[in-house]
Amino acid sequence: MKIILMGPPGSGKGTQASHIAEMAGVYSVSSGDLFRDNLSRNTELGQLAQSFMEKGEYVPDDVTIDMVMNWIEEPQHSDGFVIDGFPRTLAQAEALDEKLSNTGGVDRVVFFDVPEDDLVQRLSGRMICSSCQRPFHKMFSPPQRENCCDYCGEALYQREDDKPDVVRNRLHVYIRETEPVIDYFEKSGNLRRIDASLGISEVREALKEVLR
Ligand code: AP5
Ligand code: MG
């Protein structure tokens with residue numbers, strides 16, 4: 001299965017990606033996590049990405065496409081994958097379609113539909129694991145031990161781009177750049193919309209249903 005999770009910032013893509021991947025027996029990746037990993041290793045790509053991410057802008061297509069294509073080409077991803085947060089521009093969508101044209105293309109694109117007010121509430125209370133990058137939420141998904149990741153025990157932190165000013169710009173950029181990509185996949189017939197404003201376990205059930 002080659003699955004793409006799309007949706008606005010804070011819609012719950014990262015919360016669901018690893019569970020869906022486990023269920024499908026494939027690996028998952030988030031383009032944002034790949035950039036943050038590069039940043040924590042202080043690579044040239046990480047430094048470049050940071051200058052865009054801190055403002056809530058998208059990282060340029062050429063470097064983003066190269067980074068995700070390299071991930072797709074790794075042998076352990078040849079049987080399928082779950083990608084969260086890519087493609088987000090028409091150029092990225094076309095590059096992905098071309099890349100997968102010999103292997104049957106994308107199987108499912110799932111769009112996480114959440115009203116804007118909920119997104120702001122989710123992002124303002126989010127905490128991320130400094131090691132495995134899993135998301136938690138102060139109210140909706142609190143960790144068992146305060147400020148510690150349930151999965152690896154490392155410390156949680158608030159993402160710089162979850163501050164209110166940056167969140168506002170991320171939402172604008174999403175509407176401008178990524179909404180046209182939803183139409184693009186709708187035309188291909190692969191897009192499935194889910195009501196991702198529901199609770200975490202209800203969204204998981206809805207996802208299972210559309211991926212069946
Ligand atoms: P990225 O890290 O991908 O950020 P994003 O797309 O803005 O999405 P988020 O990670 O903020 O939200 P999410 O949908 O994963 O929600 P989550 O599960 O955490 O990208 C960051 C930046 O990198 C971009 O701004 C850009 O600069 C750059 N970038 C990345 N990809 C790029 C690309 N393809 N092209 C160019 N640039 C790119 O959930 C949010 C919170 O809500 C959590 O606290 C969670 O616990 C909680 N929650 C989740 N589900 C529910 C629920 N059902 N009910 C209640 N609470 C919930
Ligand atoms: Mg995420």
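In this chain, numbering begins with 1 at the start of the sequence shown.
With a 6.0 Å radius and a threshold of 12 heavy atoms from other residues, nucleotides or ligands, Asp79 has its CG atom at or below the threshold. Environment of OH in Tyr27: sparse, with no more than 12 heavy atoms of neighbouring residues, nucleotides or ligands closer than 6.0 Å. Heavy atoms of other residues, nucleotides or ligands lying less than 6.0 angstrom from CD of Glu54 number more than 12. Within a 6.0 Å sphere centred on CD of Gln76, heavy atoms belonging to other residues, nucleotides or ligands number more than 12. Other residues, nucleotides and ligands contribute more than 12 heavy atoms inside 6.0 Å of the CZ atom of Arg41.
Of all heavy-atom pairs spanning Glu202 and Leu198, the tightest one is CB-CB, 3.8 Å. Nearest heavy atoms, Phe112 versus Ser11: CD2-O, 3.4 Å. Minimum heavy-atom separation, Val114 to Ser197: CG2-N, 4.0 Å. Nearest heavy atom pair, residue Cys152 against residue Cys149, reads N-SG, 3.5 Å. The two residues Ser101 and Glu98 have their closest heavy-atom pair at OG-O, 2.8 Å. Residues Cys129 and Glu154 come closest through the heavy atom pair SG-CB, 4.0 Å.
In this structure, the side chains of Val181 and Phe185 come closer than 4.5 Å at one or more pairs of heavy atoms. Counting only heavy atoms from C-beta outward, the side chains of Pro9 and Leu171 approach each other to under 4.5 Å. Side chains of Leu5 and Ile83 form no contact here, defined as non-hydrogen atoms less than 4.5 Å apart. Between Arg192 and Val109, every side-chain heavy-atom pair lies at or beyond the 4.5 Å cut-off. For the pair Ser31/Met67, a side-chain contact is recorded, criterion being any heavy-atom separation below 4.5 Å from C-beta on. Annotation: side chain of Met6 is in contact with side chain of Ile4 (closest heavy-atom distance under 4.5 Å). Residues Met127 and Pro143 are in side-chain contact: their nearest non-hydrogen atoms beyond the backbone lie under 4.5 Å apart.
Distance CZ/Arg193 to CG/Leu191: 6.0 Å, rounded to 0.5 Å. Atoms OG1 and CG, from Thr64 and Leu48 in turn, are 8.5 Å apart once rounded to the nearest 0.5 Å. Distance check, rounded to the nearest 0.5 Å: CG of Asn147 to CG of Leu156 gives 5.5 Å. In this structure, CG on Leu207 lies 11.0 Å from NE2 on His19, to the nearest 0.5 angstrom. With rounding to the nearest 0.5 Å, the separation of CD in Glu205 from NZ in Lys208 is 4.0 Å. The structure places CD1 of Ile194 at 9.5 Å from CZ of Phe111, a figure rounded to the nearest 0.5 Å.
Hydrophobic cluster membership differs between Leu119 and Ile200, with clusters built from Ile, Leu, Val, Met, Phe, Trp and Tyr side chains linked at under 4.5 angstrom. Val203 and Met23 fall within a single hydrophobic cluster, where Ile, Leu, Val, Met, Phe, Trp and Tyr are joined by side-chain heavy atoms under 4.5 Å apart, directly or via other members. Note on Met53: it does not cluster hydrophobically with Leu39, by side-chain heavy-atom contacts below 4.5 Å among ILVMFWY residues. Leu96 and Met1 fall into different hydrophobic clusters, where Ile, Leu, Val, Met, Phe, Trp and Tyr are joined by side-chain heavy atoms under 4.5 Å apart, directly or via other members. Taking hydrophobic clusters as Ile, Leu, Val, Met, Phe, Trp and Tyr residues chained together by side-chain heavy-atom distances below 4.5 Å, Val106 shares a cluster with Phe81.
For Asn169, the side-chain contact (heavy atoms from CB on, under 4.5 Å) partners two or more places apart in sequence, or in a different chain, are Glu57, His172, Val173. Residues that satisfy the side-chain contact (heavy atoms from CB on, under 4.5 Å) test with Val26, not counting sequence neighbours, are Ala21, Ala24, Val82. For Thr178, the side-chain hydrogen bond (donor to acceptor under 3.5 Å, both in side chains) test picks out Tyr58, with sequence neighbours left out. With sequence neighbours excluded, the residues satisfying side-chain hydrogen bond (donor to acceptor under 3.5 Å, both in side chains) with Lys163 are Glu160. Listed by chain and residue number, nothing satisfies the side-chain hydrogen bond (donor to acceptor under 3.5 Å, both in side chains) test with Glu94 (two or more places apart in sequence, or in another chain).
In this pair, Phe136 and Tyr151 present their aromatic rings tilted. The plane angle is within the 30 to 60° band.
Of the charged side-chain nitrogens involved, none lies within less than 4.0 Å of a carboxylate oxygen, so that Arg122 and Asp118 do not count as a salt-bridged pair. The pair Lys99-Glu73 meets the salt-bridge criterion, with a side-chain N (NZ, NE, NH1 or NH2) lying under 4.0 Å from an Asp/Glu carboxylate O.
Without hydrogens or angle criteria, Gln50 side chain to Gly46 main chain gives no donor-acceptor distance under 3.5 Å. The closest donor-acceptor contact from the side chain of Lys55 to the backbone of Val166 lies at 3.5 Å or more, if one exists at all. Distance alone, capped at 3.5 Å, is enough to place a donor-acceptor pair between the Asp107 side chain and the Lys2 backbone. Between the side chain of Asn38 and the backbone N or O of Glu44 there is no donor-acceptor pair closer than 3.5 Å. His77 contributes a side-chain N or O that, together with a main-chain N or O of Trp71, makes up a donor-acceptor pair within less than 3.5 Å. Panel note: side chain Asp37, backbone Asp33; no donor-acceptor pair is recorded below 3.5 Å. A donor-acceptor pair is defined here as one N or O able to donate and one able to accept, closer than 3.5 Å; such a pair exists between the side chain of Arg170 and the backbone of Asp161.
Sequence neighbours left out, the pairs with a member in residues 129-144 that pass side chain to side chain donor-acceptor pair (under 3.5 Å) are Arg36-Gln133.
Under 3.5 Å, the side chains of Arg126 and Gln158 contain no donor-acceptor pair of N or O atoms. Side-chain atoms of Asp97 and Tyr184 form a donor-acceptor pair, as typed in the model, at a separation below 3.5 Å.
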Between Ile20 and Ile3, does the side chain to side chain contact (heavy atoms under 4.5 Å, CB included) criterion hold? Intermediate values first, please.
CA-CA 9 Å; Ile20 290 305; Ile3 300 165; 4.2 Å; yes
